[in-house]
Amino acid sequence: MQPFSGLSLLLAGLTGQRDWPPQWRSPEPKPAYDALIIGGGGHGLGTAFYLASEHQLRNIAVLEKGWIGGGNTGRNTTIIRSNYLFPESAALYDHALQLWASLAQVLNYNVMFSARGVLMLAHTVHDTQVFRRHVHANRAAGVDNEWLSPEEARAFCPLLKISDIRYPVLGAALQRRGGTARHDAVAWGYARAADALGVDIIENCAVTGILRDAGGAVAGVETTRGTIHAPRVGVAAAGHTSVIMKMAGVDVPLESYPLQALVSEPVKPIFPCVVMSNTIHAYISQSDKGELVIGAGTDAYTSYTQRGGLHVTSHALEAICELFPMFRRLRMLRCWGGIVDVTPDRSPIIARTPVPGLYLNCGWGTGGFKATPGAAHVFAWTIAHDEPHPLNAAFTLERFRDGALIDEAAAAAVAH
Ligand SMILES: Cc1cc2nc3c(=O)[nH]c(=O)nc-3n(C[C@H](O)[C@H](O)[C@H](O)COP(=O)(O)OP(=O)(O)OC[C@H]3O[C@@H](n4cnc5c(N)ncnc54)[C@H](O)[C@@H]3O)c2cc1C
C-alpha cells in the first residue's frame, strides 16, 4: 500500500495526481477462507480490518453484493455522538467516539472526522426533562454532555431561531465531542487498510445461501460468484440482515424501513455544528462541500425500495425552515433513501447466533454510522473469540426473548 503523507501528495502533484495505484485489489473469490464477512459497508469492512490487524485472521474476505459503501454507509447524514441514555449504549457508542478521534491516523486515510458539537433541541417540557436526564446519566457514566439555555444554544448556533416559532426552543443538550465524518472515506479507508493486510474485498458478489454442515454449524456461503467455504461467517448487511438470516433458518426481530436524506445547493460555510430536533424531526449539518445535509424520518411502511415518501422529506424541510428561516431561500439539490434495520428496542444486536460459527451485527436502524469503528472493533473480537467483548455482551439476540431490553426507543424516540 502506498502510504499517504504530505510528501507523497506533493510528489504525486508533480505528475498531476495521475499515478496513484488502485487503493485495493479486485481479487477473484477463493474456494475457502478462515472467515467471511457479508456486507461491504463500514461495519463489515471495519470488522475485516480489526480481524486482520488485531486478531491475525488474514485469510478472510468481505462479500459485497454491489459496491463497497453503496449501502447505508454511503447514504447517511454522518452524525456522530455517544450521549445515549443507558450505560450499555453510552459505553458502546463512546468506545466508537474514542476510536473516531484517531481513525484517520490508524488507517492512514483522512476520514474527515470533525468534532464540531451536536446540539439536541428541547421543544417541550417532556423534551427538557428527558434531555436533562440524559445529561446527568451521561456525566455519571463519564460521557460528556451539557445542558444549554435557549440563549446559550443560539450562541452556539447563531442561525437558530429560538422563539416566535411553533415549537420554541426551551433548551438543548450539547455534546461537544460529537460531530460528523466523511462517510465514503470511512468505507474506502477501512477497505484500503484491510486490503493491505491481505483481506480480499469482493464486490458484485451477492450471498444467496448459507451452508451448514452435518452438525448444523455454518460451513460457508453460496454466492452469485460461486460457493465459498468458511467455518466463520459474520453478517453486517444492515437493511437486508433478515433476508440473509432467513437463508440460515434464523428469524431476527427486525423491520426494514426506508430512511431519507437530502442536501441543498452548496453555500459558503455558514453552519458551525450539528443540530437535531427529535420532536419536530429534522436534523442538519453542513458538509465540507458546502451543502446543507438534512435528515428526514423513516417511512411508516416497511420496504426495500431505497426511496421514501415525498411527504416525509417535505415535513423535515418544514421543520428546518421553522428553525432556520433564512434557509427557506435555498434550493434542494438531491435526495435519496437507505434501508434501515430496526429492532423493537432501537438498540443493535452484536452477537453469536443459534447457528455455531454465524455471527450478527445489525439493528443499527437510523443511527449506526456513528458506531462504525466501535461496533466493528467489538464484532471482530466476538468472531475471533467466539464470545462477546464486554462492551457488546448485553446486545444479544436473546434479550428479545428474555426481556432484558436496552430501550433507547423509549428513551429517545430517535437515534441519528
Ligand atoms: C438516510 C440515512 C441517514 C442516516 N443518518 C445517520 C446518522 O446521521 N448517524 C448515524 O450514526 N447513522 C445514520 N444512519 C444509519 C447508518 O447509515 C447505518 O446504521 C450504518 O451506515 C450501517 O452500516 P453497515 O455497514 O452496517 O451497513 P451498510 O453500509 O448498509 O452495509 C451493508 C452492506 O451489505 C450489503 N448486502 C446486503 N445484502 C447482501 C447480500 N445478500 N450479499 C452481499 N452483500 C449484501 C449491502 O449492499 C450493503 O453494502 C442513516 C441511515 C440512512 C439511510
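Counting starts at 1 for both ligands and their atoms, in listed order. Keep in mind the model is a prediction, meaning the values are calculated, not measured. Computed over heavy atoms, backbone and side chain alike; hydrogens, waters and symmetry mates excluded.
Comparing heavy-atom distances from atom 25 (O) of ligand 1 across M276, E203, H43 singles out H43 as nearest. Nearest-heavy-atom check against atom 45 (C) of ligand 1 across K65, K370, Q306 picks out K65. The nearest non-hydrogen atom to atom 17 (O) of ligand 1, considering only V293, N204, I37, N76, comes from N76. Among V221, T366, I79, the residue whose heavy atom lies nearest to atom 6 (C) of ligand 1 is T366. The residue from V243, V186, V207 that puts a heavy atom closest to atom 40 (C) of ligand 1 is V207. When the heavy-atom distances from atom 21 (O) of ligand 1 to T73, V235, T223, I80 are ranked, the shortest goes to T73.
Atoms of ligand 1 lying under 4.0 Å from any heavy atom of R75, numbered from 1 in the order shown and given with element: 1 (C), 2 (C). Heavy-atom proximity to Q260, at under 4.0 Å, picks out these atoms of ligand 1: 1 (C). When each atom of ligand 1 is checked for a heavy atom of C205 under 4.0 Å away, the hits are 43 (C). The distance from ligand 1 to the heavy atoms of G365 drops below 4.0 Å at these ligand atoms: 15 (C), 19 (O). Interface of W364 with ligand 1, defined as ligand atoms under 4.0 Å from a residue heavy atom, comprises 19 (O). If you number the atoms of ligand 1 from 1 as listed, the ones under 4.0 Å from a heavy atom of N72 come out as 17 (O), 18 (C), 21 (O), 28 (P), 29 (O), 30 (O), 53 (C). Annotation for ligand 1: atoms under 4.0 Å from non-hydrogen atoms of I244 are 38 (N), 39 (C), 40 (C), 41 (N). Ligand 1 places these atoms under 4.0 Å from at least one heavy atom of A261: 1 (C).
With L121 as the fixed residue, the side chain to side chain contact (heavy atoms under 4.5 Å, CB included) test singles out one of T279, L160, I280: L160. Checking each of L103, I68, V62 against Y190 for a side chain to side chain contact (heavy atoms under 4.5 Å, CB included) leaves exactly one that passes, namely L103.
Note that CG of N108 and CZ of R192 are 5.0 Å apart. Values are rounded to the nearest 0.5 Å. Within the model, atoms OH of Y93 and CZ of F86 stand 12.5 Å from one another, a figure rounded to the nearest 0.5 Å. Here the straight-line distance linking atom CG of D345 with atom CZ of F395 works out to 8.5 Å at 0.5 Å rounding. The line from CD of E203 to NZ of K65 is 14.0 Å long, rounded to the nearest 0.5 Å.
Sparse packing is recorded around CH2 of W67, with 12 or fewer heavy atoms of other residues, nucleotides or ligands lying under 6.0 Å away. More than 12 heavy atoms of other residues, nucleotides or ligands lie within 6.0 Å of NZ in K30, so this atom counts as buried by the packing criterion. For Y301, the OH atom is loosely surrounded, since the number of other residues' heavy atoms within 6.0 Å does not exceed 12.
Between H389 and H95, the ring planes lie parallel to each other; the angle is under 30°, not in the 30° to 60° tilted range.
By the criterion of a heavy-atom distance under 4.0 Å, neither the backbone nor the side chain of I339 is placed next to ligand 1. Using a 4.0 Å cut-off between heavy atoms, C362 makes no contact with ligand 1 at all. Neither the backbone nor the side chain of N361 has any atom closer than 4.0 Å to an atom of ligand 1 (non-hydrogen atoms only). Here L63 has backbone heavy atoms under 4.0 Å from ligand 1, and that is the only part of it that gets that close.
Taking distance alone, with nitrogen or oxygen atoms compared against 3.5 Å, G368 approaches ligand 1 more closely than that limit. Polar contact with ligand 1: present for F369 (N/O pair, distance under 3.5 Å). Ligand 1 has an N or O atom lying under 3.5 Å from an N or O atom of G367, backbone or side chain. Considering both main-chain and side-chain atoms, H240 never comes within under 3.5 Å of ligand 1 through any nitrogen or oxygen pair. At a 3.5 angstrom cut-off on N or O pairs, W67 does not count as close to ligand 1.
Salt bridge absent: R139 and E146 never bring a charged side-chain N and a carboxylate O closer than 4.0 Å.
Residue pairs meeting the ring-ring contact (aromatic ring centres under 6.0 Å, His included) criterion with at least one partner in residues 198-226, sequence neighbours excluded, do not occur; the list is empty.
Proximity of G42 to ligand 1 is established by a heavy-atom distance of less than 4.0 Å.
The backbone N or O of K268 lies less than 3.5 Å from a partner atom in the side chain of Q286, making a donor-acceptor pair.
Between S242 and S256 the shortest heavy-atom distance is OG-OG, 4.4 Å.
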